[in-house]
Amino acid sequence: MRLSGMLLHTTREVPADAEVISHQLMLRAGMIRQVAAGIYMILPMGYKVLKKVENIIREEMDRAGAQEMLMPALNPAELWIESGRWNVYGKELIRLKDRRGRDFCLGPTHEEMFTDLIRKEIRSYRSLPLNLYQIQTKFRDEYRPRFGIMRGREFLMKDAYSFDTDDEGADASYKSMYEAYTLIFKRCGLRFRAVEADSGPIGGSVSNEFMVLAESGEDEIVHCVACDYASNVTKAETLEVDYPAGEQSRPMEKVHTPEMKTVDEVCRFLKVTSKELVKTMIYLADDTPLAVLVRGDHMVNEAKLLNFSGAQELKMADSAAIQKITGGPEGFSGPVGLEGIKVIADLAVKGLKNFVTGANENDYHLLSVNIGRDFEVHDFQDLRLLEADDPCPRCGSTLTIEKGIEVGHVFKLGTKYSQALKATFQDAQGEEKLIIMGCYGIGVGRSMAAAIEQNHDEDGIIWPMPIAPYHVYILPVSMKDGEVLSAAEDIYSACIEAGLEAIIDDRDERAGVKFKDADL
RNA sequence: CGGGGCGUGGCGCAGCCUGGUUAGCGCGCUUGCUUCGGGAGCAAGAAGUCGGAGGUUCAAAUCCUCUCGCCCCGACCA
């Protein structure tokens, strides 16, 4: 490629809207251009890289036996209504009507489409297993698009779906995708970690995320220094906590705590640590109230709570609801004397004695509260967010927490979609059975951005070779010096001849300008 | 959606508080001359509905109201 003929504008100044380094550098290097929030044009230099990432993905998917195809982005609503996700997906789903008023959406993911294809195509176990994938534009109306191409409303994704006759087959498909992903991200020059993850609204039982380690990451991941345990913190398990034995129960006592609502205020006022206090949070799980107890220094993990409750939606009760349920104002809730509500407690609360709680009465708290004597807990569950000083749930060693960018996610879906859409096959005995599914996604543009996050210096991007837009950069320092120029041209021709991806900066610019652009 | 901030040539900003004639500056762009091994100098030039609508006023980028867009901080996802 000759730079003189390329659509490429680099900038000296950092665009004001760009926060993270990959976004800044992509803009400065003239690879992308914003159209609207979370919507970008991919310019020639950027597309060059994106296609390389795509091709690496394609090669490894094909090697793993998956078949590429292409689904429409425009999905009729019927399929989504049938799977139940037309309602569940919420505002993130971009919906539209055609000229006759028929409902459609722009696909944010394609479980429905692929399952629909398979239920129509597949009758016999003889046609299985299958693994189909596509690299296609997805649409999600994100609450908050940000970080450039990293979280867009329109983005390129590779999504694959596996279809098996039994669990063993599904496990094998999952494993082969897991391995393919490992190869893909290695080839993209990324430093990453595969972690256990919550499967969220996609559903299914088991899932792993592939996390690129970077400070700008939106996720926190935890891993054990001793064993190979690694997990997203939203999924990470926490254990029961051992408290010193032999502490005697003291009589419960009500104390005046004027205007003391937060854990910090109460602790300071009563001169106790947050570990000696139990927070009572009132949640509404699909309108069923739940009282959730966690230690004062802990945070409720809403993903765990949601899974435990089995509800579709979980939200914290507002102050009016709290007043109604507990009889006291927000900030003074406690488990003692609560009626008509299920009380569940985090495992760390189980062995705790003589703790502080709200009294369900304005400006009062209770001291020396004890489970079993003062109130009953209906269920003890792992309900909290893991903290940095928690031990590894597998081996008890120390954990470290890092930030990561989720570039890939693999799920074992089981029969969630095959059941909803009735995708069945006949086994060798002629019996009708549900197909076992898995699904596997990679954010293509996100992987590209993640590569920049990890590989750059103060002057620009340092592409890992496999995804570099060009491999040879020829920079004639002078366009006036005929000797330099013809030598440069000779090298360029030789590179092209040899099949190398070369770029020559044949613009009549000063050397400094060219060097700066080359760095970017 | 809640909270905060910003919309002024392609990009980065000043001007607004305290209304006043031709709306400035830097980068980039065009032309010429001089330069030329790490973002050159001089000169000339093109380019702006001051996000939009309404209002106040003799007069609005500036004050008021509404509206749209964008960015940042919190719950989700590739």
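A note on names: the letters A, B, ... follow the listed sequences, proteins ahead of strands, and every chain is numbered from 1. Just so it is clear, the structure is predicted and the values come from calculations on it, not from any experiment.
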> Reckon R12(A) has a side-chain N or O less than 4.0 Å from the OP1 or OP2 of G26(B)?
Replying inline: no
Report, one pair per line, the protein and nucleotides 32-37 of chain B atoms (nitrogen or oxygen only) whose separation is under 3.5 Å.
from: C36(B); atom 1: O4'; to: R510(A); atom 2: NH2; distance (Å): 3.3

> If we take the P atom in both C17(B) and G2(B), what is their distance in whole Å?
Replying inline: 30 Å
> Centre of W80(A)'s six-membered ring, under 6.0 Å away, within 45 degrees of the axis: is that where NZ or CZ of R95(A) sits?
Replying inline: no
> In terms of the nearest nucleotide of RNA chain B, which residue is placed more toward the 5' end: R28(A) or Q34(A)?
Replying inline: R28(A)
> Looking only at atom P, what distance separates G24(B) and G48(B), rounded to whole Å?
Replying inline: 14 Å
> Going by atom types only, do S207(A) and E209(A) share a side-chain donor-acceptor pair under 3.5 Å?
Replying inline: no
> For H9(A) and C29(B), what is the distance between atoms NE2 and P respectively, to the nearest whole Å?
Replying inline: 7 Å
>> For a quick check of understanding: with a heavy-atom distance under 4.0 Å over all strands, which category does E209(A) fall into, base, sugar-phosphate or nothing?
In response: nothing
>> Does M299(A), at its CE atom, have more than 12 non-hydrogen atoms belonging to other residues, nucleotides or ligands within less than 6.0 Å?
In response: no
> Quick one: which of C70(B), G39(B), A78(B) gets closest to the side chain of T10(A)?
Replying inline: G39(B)
> Base, sugar-phosphate alone, or nothing: which one does A36(A) contact when heavy atoms must sit under 4.0 Å apart?
Replying inline: sugar-phosphate
> Starting at CZ of R507(A) and ending at P of G38(B), how long is that distance when rounded to a whole Å?
Replying inline: 16 Å
>> Can you tell me the base-pairing partner of G48(B)? Count Watson-Crick or G-U wobble geometry only, both distances below 3.5 Å, and say none if there is no partner.
In response: none
> What integer distance in Å separates E142(A):CD from G74(B):P?
Replying inline: 15 Å
> When all nucleic acid strands are considered with a 4.0 Å heavy-atom cut-off, which category describes G152(A): base, sugar-phosphate, or nothing?
Replying inline: base
>> Suppose you measure atom P in C71(B) against the same atom in G37(B); what distance do you get, rounded to whole Å?
In response: 41 Å
> Between A18(A) and G443(A), which has a closest nucleotide on RNA chain B that is more 5'?
Replying inline: A18(A)
> Mind checking the C1' distance from C16(B) to A61(B)? Whole angstroms is fine.
Replying inline: 7 Å
> Which one is paired to C58(B), where only Watson-Crick or G-U wobble pairs with both distances under 3.5 angstrom count?
Replying inline: G20(B)
>> Considering every strand and a 4.0 Å limit on heavy-atom distances, what is the contact class for M150(A): base, sugar-phosphate, or nothing?
In response: base
> For the side chain of E92(A), counting heavy atoms from C-beta on, which of G39(B), G74(B), C76(B) is nearest?
Replying inline: C76(B)
> So what's G7(B) paired with, Watson-Crick or G-U wobble, going by both distances under 3.5 Å?
Replying inline: C68(B)
>> Could you tell me how far apart Q134(A) (CD) and A78(B) (P) are, to the nearest whole angstrom?
In response: 14 Å
> Reckon V407(A) touches a base, only the sugar-phosphate, or nothing at all at heavy-atom distances under 4.0 Å?
Replying inline: sugar-phosphate
>> Side chain of R33(A) only, heavy atoms from C-beta on: which candidate in A78(B), G10(B), G39(B) is closest?
In response: G10(B)
>> Quick check for you: among G38(B), C27(B), A78(B), whose closest atom lies nearest to any side-chain atom of R151(A)?
In response: A78(B)
> When you check the side-chain N and O atoms of E402(A) and H223(A), is any donor under 3.5 Å from an acceptor?
Replying inline: yes
> So H23(A) and Y40(A), would you call those rings parallel, tilted or perpendicular, with 30° and 60° as cut-offs?
Replying inline: perpendicular
> Can you tell me if CD on E215(A) sees more than 12 non-hydrogen neighbours from other groups inside 6.0 Å?
Replying inline: no
>> Tell me whether the ring of Y143(A) lies stacked over the A75(B) base, given a 5.5 Å limit on centroids and a 30° limit on the plane angle.
In response: no
> Which whole number of Å gives the distance between the C1' atom of C50(B) and that of A23(B)?
Replying inline: 8 Å
> With both distances kept under 3.5 Å, what pairs with A43(B), Watson-Crick or G-U wobble?
Replying inline: U31(B)
>> Strictly by Watson-Crick or wobble contacts shorter than 3.5 Å, is anything paired with A14(B), and which nucleotide is it?
In response: none
> How is S447(A) classified with respect to the nucleic acid when contacts are heavy atoms under 4.0 Å: base, sugar-phosphate, or nothing?
Replying inline: nothing
>> Between U49(B) and C42(B), how far apart are the two C1' atoms, rounded to whole Å?
In response: 35 Å
> Which whole-number value in Å describes the distance from R144(A) CZ to C71(B) C1'?
Replying inline: 9 Å
> Quick one: F147(A) CZ to C70(B) P, roughly how many Å, whole number?
Replying inline: 17 Å
> Which is true for D219(A) with a 4.0 Å heavy-atom rule: it touches a base, it touches only sugar-phosphate, or it touches nothing?
Replying inline: base
> Between C11(B), C1(B), A75(B), which nucleotide has the shortest distance from any of its atoms to the side chain of E13(A)?
Replying inline: C11(B)
>> Rounded to whole Å, how long is the line connecting atom NE2 of H23(A) with atom P of C71(B)?
In response: 8 Å
>> Is the positively charged end of K261(A) above the ring of F332(A), judged by distance under 6.0 angstrom from the centroid and angle within 45° of the axis?
In response: no
> In whole angstroms, how far is the P atom of C76(B) from the CG atom of N307(A)?
Replying inline: 11 Å
> Going by atom types alone, do D198(A) and N307(A) pair a side-chain donor with an acceptor below 3.5 Å?
Replying inline: yes
> Side chains of D382(A) and T238(A): is there a donor and an acceptor less than 3.5 Å apart?
Replying inline: yes
> Do Y174(A) and F411(A) have their ring centres less than 6.0 Å from each other?
Replying inline: no
